[in-house]
Chemist: 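Attaching a single structure in C-alpha cells format; questions to follow.
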Amino acid sequence: MNSPKSIILAGPQGSGKGTVGKTIAERYGMQIFETGGKLREIAKTTETPAKGTPEEEMTTDQKIKATMERGDLVLNELIMSMVREVLSSITENGVIFDGIPRTPEQAKGLKILLDECNQQCEVVLIDIGEEETLKRLVQRKICVDCGKSPSPKHKEDSCDCCGGNLITRPDDQPEKIKRRLKDYREKTVPALNEFDDIIRINGEQSPEEVLSDVLQALDPILKQTE
Ligand SMILES: [Zn+2]
C-alpha cells in the first residue's frame, strides 16, 4: 500500500474551498480538518472575557475568542496541537487541510508533522483576486442555528437546511475582511511558497468549473485504481 496522501486546500476566503473540500472528502474517503469551523465553534460556545481581563487569567478558548474578536489570526501552538491529534488518528486515507497553513511558521510545523506521520502532501490553491474576495464576502450569510452557509442560488432569509435565520458573520465586516486579506497576502502566500509544487486552480470560474478542474487534477493522484 502506498503511504496516505493529504491535501492542503488553500485559497482566500470566499474562494469556495469549503464546498470543494466536502466534495473531495466524500469522493476519496478523506477526513477534513477545517480550522475555521473549529474556531467558529469556540467563538459560539465561549463567553467573551470581561474587558481588561489579564491574558494570564483567560482560558485558552477565551484567548482564542478575544483574538478573533480583534480580527487577528489565532495562536499557532493551539492549532498545531489540533493538527497533531488529527494526524495521529488517520488510517489509510489522508486528511484535507482547510484553513491551514496561514503563516510560514505553520507551514514549517505542518511539514514536520506530515513527515513524522509518513504523509505525502499535495497543495491545491483555489485562486481568486482581492476584489472578487471582498465582493463575495460582503454578501456571505450564515445560519444562526446550524452555522451552514446557504447555497449560492438560495435567496430566502432562512436556512435551506434547517430553516434558521441567516445573518452576516460578525467577522465579515468590510474592515475586518480587508485586514484578513492583508494577512493572506503577507503571510499565507509566503506560507504556501514553502511547498514545492502547487496545483493552481482558477477560482473565478463557476463553482462547477472550479470543482471539475480540481477533480481533474486530483483523480490521477488519489483515485483508487483497482
Ligand atoms: Zn441552518
Side-chain angles (χ1 to χ4, degrees), residues 7-49 59-62 64-74 78-79 82-83 85-86 89 95-100 102 124 126 128 132-181 183-184 201 203-212 214-215:
I7 301 288
I8 291 172
L9 192 54
Q13 300 193 338
S15 61
K17 66 185 159 61
T19 314
V20 170
K22 277 178 203 127
T23 306
I24 62 180
E26 266 174 38
R27 186 175 178 94
Y28 308 116
M30 300 168 83
Q31 56 173 312
I32 303 180
F33 177 85
E34 205 258 302
T35 323
K38 291 211 193 284
L39 296 178
R40 277 197 296 281
E41 197 180 300
I42 292 171
K44 199 174 163 186
T45 54
T46 306
E47 276 196 35
T48 306
T59 64
T60 308
D61 283 5
Q62 282 177 327
I64 292 173
K65 173 108 178 182
T67 309
M68 283 189 290
E69 289 195 336
R70 288 196 304 268
D72 289 342
L73 295 171
V74 169
L78 180 101
I79 290 174
M82 295 196 289
V83 170
E85 270 172 38
V86 80
S89 72
V95 180
I96 298 163
F97 291 99
D98 176 357
I100 183 173
R102 286 251 165 101
V124 177
I126 302 177
I128 64 175
E132 180 69 15
T133 305
L134 196 57
K135 199 175 98 193
R136 291 185 187 185
L137 291 193
V138 174
Q139 296 166 347
R140 184 168 72 171
K141 297 266 162 87
I142 54 160
C143 170
V144 270
D145 293 328
C146 70
K148 290 196 177 109
S149 297
S151 61
K153 288 176 191 126
H154 184 73
K155 299 279 182 245
E156 320 280 305
D157 285 339
S158 55
C159 174
D160 47 354
C161 290
C162 75
N165 286 331
L166 296 177
I167 52 156
T168 302
R169 282 189 202 171
D171 58 353
D172 277 350
Q173 288 150 16
E175 70 275 16
K176 289 188 179 173
I177 297 172
K178 281 185 185 148
R179 191 159 166 184
R180 293 201 306 271
L181 273 173
D183 275 328
Y184 182 83
I201 306 289
E204 295 193 5
Q205 315 173 83
S206 72
E208 294 77 20
E209 287 167 321
V210 169
L211 188 60
S212 150
V214 171
L215 297 183

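Atoms within a ligand are numbered from 1 in the order they appear, just like the ligands themselves. It should be emphasised that the depicted structure is a prediction, and the values quoted were computed from it without experimental measurement.
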Chemist: May I ask you to decide whether Arg102 forms a salt bridge with Asp183, counting only side-chain N to carboxylate O separations under 4.0 Å?
Modeler: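 Judged by the 4.0 Å cut-off on N to carboxylate O distance, Arg102 and Asp183 do not form a salt bridge.
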Chemist: How about the Zn ion (ligand 1), which protein N, O or S atoms come within less than 2.8 Å?
Modeler: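 The answer, once waters are left aside, is Cys143 SG, Cys146 SG, Cys159 SG, Cys162 SG.
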Chemist: So which heavy atom on Ile79 is nearest to which on Phe33, and how close?
Modeler: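 Scanning both residues completely, I find the closest heavy atoms to be O-CZ, 4.4 Å.
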Chemist: Would Glu209 and Ser206 count as having a side-chain donor-acceptor pair, cut-off 3.5 Å?
Modeler: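 Checked: Glu209/Ser206 side chains pair up, N/O donor to acceptor below 3.5 Å.
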Chemist: Does a side chain donor of either Gln13 or Thr133 reach within less than 3.5 Å of an acceptor in the other side chain?
Modeler: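 Looking only at side-chain atoms, Thr133 and Gln13 do not form any donor-acceptor pair under 3.5 Å.
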Chemist: Carefully, step by step, assess Arg180 and Asp172 under the rule salt bridge (charged side-chain N to carboxylate O under 4.0 Å, His left out).
Modeler: CA-CA 10 Å; Arg180 293 201 306 271; Asp172 277 350; 3.1 Å; yes
Chemist: If you measure from the Lys or Arg side-chain nitrogens to the Asp or Glu carboxylate oxygens, is any gap between Arg136 and Glu132 under 4.0 Å?
Modeler: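 Salt bridge: yes.
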